[in-house]
There are 4 protein chains.
Amino acid sequence: MLTMSATTPPARRPRADAQRNRDHILDVAEQHFGEHGVTGSLDAIAKRAGVGAGTLYRHFPTREALLAALLAARDDELVARREAIRTGSTDAAEALDGWLRALTDWASAFDGLPEPLRAAMSAEASPLALTCQGYITTTDEFLADAQREGSARAEVRGRDLFLATLATSWARGAAMADESSPASMADLTRTGWATTQPPCDAPRSVLG
Amino acid sequence: MLTMSATTPPARRPRADAQRNRDHILDVAEQHFGEHGVTGSLDAIAKRAGVGAGTLYRHFPTREALLAALLAARDDELVARREAIRTGSTDAAEALDGWLRALTDWASAFDGLPEPLRAAMSAEASPLALTCQGYITTTDEFLADAQREGSARAEVRGRDLFLATLATSWARGAAMADESSPASMADLTRTGWATTQPPCDAPRSVLG
Amino acid sequence: MLTMSATTPPARRPRADAQRNRDHILDVAEQHFGEHGVTGSLDAIAKRAGVGAGTLYRHFPTREALLAALLAARDDELVARREAIRTGSTDAAEALDGWLRALTDWASAFDGLPEPLRAAMSAEASPLALTCQGYITTTDEFLADAQREGSARAEVRGRDLFLATLATSWARGAAMADESSPASMADLTRTGWATTQPPCDAPRSVLG
Amino acid sequence: MLTMSATTPPARRPRADAQRNRDHILDVAEQHFGEHGVTGSLDAIAKRAGVGAGTLYRHFPTREALLAALLAARDDELVARREAIRTGSTDAAEALDGWLRALTDWASAFDGLPEPLRAAMSAEASPLALTCQGYITTTDEFLADAQREGSARAEVRGRDLFLATLATSWARGAAMADESSPASMADLTRTGWATTQPPCDAPRSVLG
DNA sequence: AATGAATGAGTGTTCATTCAT
DNA sequence: TATGAATGAACACTCATTCAT
């Protein structure tokens, strides 16, 4: 109504109650997924939100769409953290480490979240794919800085590090919550278990 | 009834039936999990095996018990591989690397297998817990050798490496199948992304 | 607003918009019913037409109303065919046969169309009832000619023949599409399966 | 155990309560379909029968399977009627007529029944397909008799007549219940509307 | 010891219709 | 007048687990 940009077509006001509904559903979903993990019942969310299943479905046609919306709402946090890291880091290696830490926290928002995120990495159709792609790009930026600086291995790719943060989140699952692991997945991801590099001609990967 | 071997007591029917049933169920389960992942329907397995659901349940009271039996059947392979590594390795680092590779393959036997394995790591009640524990112990042995040799970081624990192999298997999931990752999870696990060690007083872990 | 034609009263917006909307909905509905049969989703039609569900509902309060409008748009064709038959037929029997053929084609416009048409035959409230009634009347006219000519049985009524064409369309459903039926429903409707007339005092109808 | 034929495997007694359950479900389904037509809710049937949805589904995996079972229960009636017709008819034409009348009644057992029956005529997978096929065969037999006798047109096939009875049932749908049609679909099927045969070289079918 | 019937809540999804805006 | 969000019951179908036989 006021200084609306030209990008939106007629830009009908999204009908205040619809927006309120949507927001409420998101609140409830956040709580429900927090309690029951990302596989929690969608029907239960609708019920808890006091809306019909159809309403939930209209706003978020798939579980992935709902998750994507939930994560979008957290995008601000992650962006803020990224900026804080950019301005506050003394070297690129620490910046990259900080960013990976942020990603790991982000992927740990709900129990089981890493699973659909990983799936989205190879399913372009998923609404989560875009989400992932954006963060992979950011990871690539931090990584490039570190590689320029000489503090990150040249052959590593942002995509790999992103996947590693998902795996780290996954490993953290409720199972390990109680165990304080002095050398965690993330440690390994940074420095590995070996004290020396493998011979150049040997296969480097356990996976082959 | 007719040509009964002498080994069985005077029991009416040799328990060979039950044993054959059990073995057949395992064969079928292996195939079914191979096709549908570890969340495949137990009912379907019973049906494919031509037994009642109750029979399946009697032999393997939980999905975990069935998985544990399936993995037990593969224990021989892994033991053989362990021995081959022990006798064939020139240094402890390569031996450890080889063992982790073997574990990663083992945990990739079925789609979704890493999930219950991770869960079993902190649930002592699970029939899979024992399975895991055995391999963790072996990992500890290989690791201790490497640490003695000075080729593995002192603060790393076998438990952590075992979990890392599960995470690596998990990351391999269909998602990455097509992507040839020049620096895979396993690479990262061995050497990390950093070229240098972090300062001694800095927090080393992304997870904290 | 700008070049408003003189025909419309001082109404704010020419109802041309509404008319165009209506026409567009009809176009889309024709295509959608063509693809998904007459039970296709009305919501989907509204979406494909780019209008709200309420708008569709305003123009066509029921599925029957929408179908009736769709068929009304085809009325011209059928009228033209009727005239062609009237002028081009040498005898009343062939004219009637031609008309029934036209009706059968008409009732086969969409998958499942015969169903609501039959329902409309006894539900005067339906918007399709009028449509049907008109064609029944025409059928009566052709039939009367044939009866006068002596080439149609006296006790047959237009209503019955109309229903028979619906049944023929119904029988044509995908089921028989592949089967070339040497003696089709329509053949039976014209000449029956019997070579001779049943005795006058015998019950003639299978239905009683 | 006793003189059990070799066809059934171990032929475990179907567990009396299961059989009772099955029968009860059939009773309830019959009533429910009678009230709501063949599209009535399966869930509702389960609820009315006091069993879980899974139980219904175990006995009758699809709606068609349930209908087939329902019709199988009526097979006795139809067989009895067939025998009565065979022994009681003076000529093959009347026998065929009687059989078609029986079929029409049979296909009118529930509202909407003709629809899945027609579908089954071209879908071999359907459990109803067998049902239909059996009655088509019987129709062929009656028809052959009539054709030998010279009282049925040579080019007609049992399959066509069976389909015509379905169409007749369909036309009878609630819609026409009130209307007493002096020349019904069935009349038309027997003798057609024409008093004379179409010219031999002319296309005989309205459908072409 | 084995069977397989029963359970029944749960899954995601659809849709005609109403109504707040 | 038109919109499209909301409704919410209904749909077919699944499955791990229990238990009567």
Side-chain angles (χ1 to χ4, degrees), chain A residues 10 12-22 25 39-47 49-63 66, chain B residues 11-13 15 17-18 21-22 39-47 50-63 66, chain C residues 11-13 15 17-18 21-22 39-47 50-63 66, chain D residues 10 12-22 25 39-47 49-63 66:
Chain A
R12 320 186 106 262
R13 193 160 67 263
R15 220 169 97 169
D17 66 332
Q19 188 58 39
R20 223 175 317 132
N21 242 335
R22 208 190 110 104
I25 289 174
T39 60
S41 155
L42 296 187
D43 267 25
I45 290 173
K47 200 152 287 178
V51 302
T55 303
L56 173 65
Y57 197 72
R58 162 174 287 268
H59 286 295
F60 312 104
T62 64
R63 186 181 292 272
L66 178 53
Chain B
R12 278 279 208 74
R13 292 209 299 184
R15 54 159 202 208
D17 270 34
N21 244 344
R22 210 189 106 104
T39 59
S41 156
L42 296 187
D43 259 28
I45 290 173
K47 194 153 291 175
V51 302
T55 304
L56 173 65
Y57 202 70
R58 161 171 294 272
H59 285 295
F60 312 103
T62 63
R63 185 183 294 272
L66 178 53
Chain C
R12 279 279 206 76
R13 291 207 301 185
R15 55 161 204 208
D17 270 35
N21 243 344
R22 210 189 107 103
T39 60
S41 156
L42 295 187
D43 259 29
I45 290 173
K47 194 153 291 176
V51 302
T55 305
L56 174 64
Y57 201 69
R58 164 170 294 271
H59 285 297
F60 311 104
T62 63
R63 186 183 292 272
L66 177 54
Chain D
R12 322 186 106 261
R13 189 160 71 265
R15 219 169 98 168
D17 64 333
Q19 188 57 40
R20 223 175 317 130
N21 241 338
R22 208 190 111 104
I25 289 174
T39 59
S41 156
L42 296 187
D43 267 25
I45 290 173
K47 199 152 290 177
V51 301
T55 304
L56 172 65
Y57 198 73
R58 163 174 287 268
H59 285 294
F60 312 104
T62 64
R63 186 181 293 272
L66 177 53

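Keep in mind it's a predicted model, so treat the numbers as computed, not measured.
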B/His59 side-chain N/O to E/dA1 phosphate OP1/OP2 under 4.0 Å: no
So what stems show up for DNA chain F if we need 3 or more Watson-Crick or G-U pairs in a row, all under 3.5 Å? E:2-21 with F:2-21
Return the value, rounded to whole Å, for the distance between atom CG of A/Leu56 and atom C1' of E/dT14. 14 Å
In whole Å, what is the span from the CG atom of D/Leu66 to the P atom of F/dC13? 12 Å
Restricting to nitrogen or oxygen on both sides, can you table the protein-nucleotides 15-17 of chain E pairs closer than 3.5 Å?
| unit_1 | atom_1 | unit_2 | atom_2 | d |
| --- | --- | --- | --- | --- |
| E/dA16 | OP1 | C/Arg63 | NH2 | 2.3 |
| E/dA16 | OP2 | C/Leu42 | N | 3.2 |

Residue-phosphate contact under 4.0 Å: A/Asn21 side-chain N/O, F/dA6 OP1/OP2: yes
Between atom CZ in A/Arg20 and atom C1' in F/dA6, what is the gap in whole Å? 13 Å
In whole angstrom, give the distance that lies between atom NZ of C/Lys47 and atom P of F/dA2. 20 Å
Rounded to the nearest Å, what distance is computed from the CZ atom of residue D/Phe60 to the P atom of nucleotide E/dA6? 10 Å
Roughly, in whole Å, what's the span from CZ in B/Arg22 to P in E/dA1? 14 Å
Which atom pairs, one a donor and one an acceptor, fall under 3.5 Å between side chains of residues 40-47 of chain A and the rest of the protein, sequence neighbours left out?
| unit_1 | atom_1 | unit_2 | atom_2 | d |
| --- | --- | --- | --- | --- |
| A/Ser41 | OG | A/Asp43 | N | 3.2 |
| A/Ser41 | OG | A/Ala44 | N | 2.9 |

Restricting to side chain to side chain contact (heavy atoms under 4.5 Å, CB included), what partner residues turn up for C/Phe60, sequence neighbours left out? C/Arg22, C/Ile25, C/Leu26, C/Leu56, C/Ala65, C/Leu66, C/Ala69
Please check the phosphate of F/dT1 (OP1 and OP2 only) for any side-chain N or O of C/Arg58 closer than 4.0 Å. yes
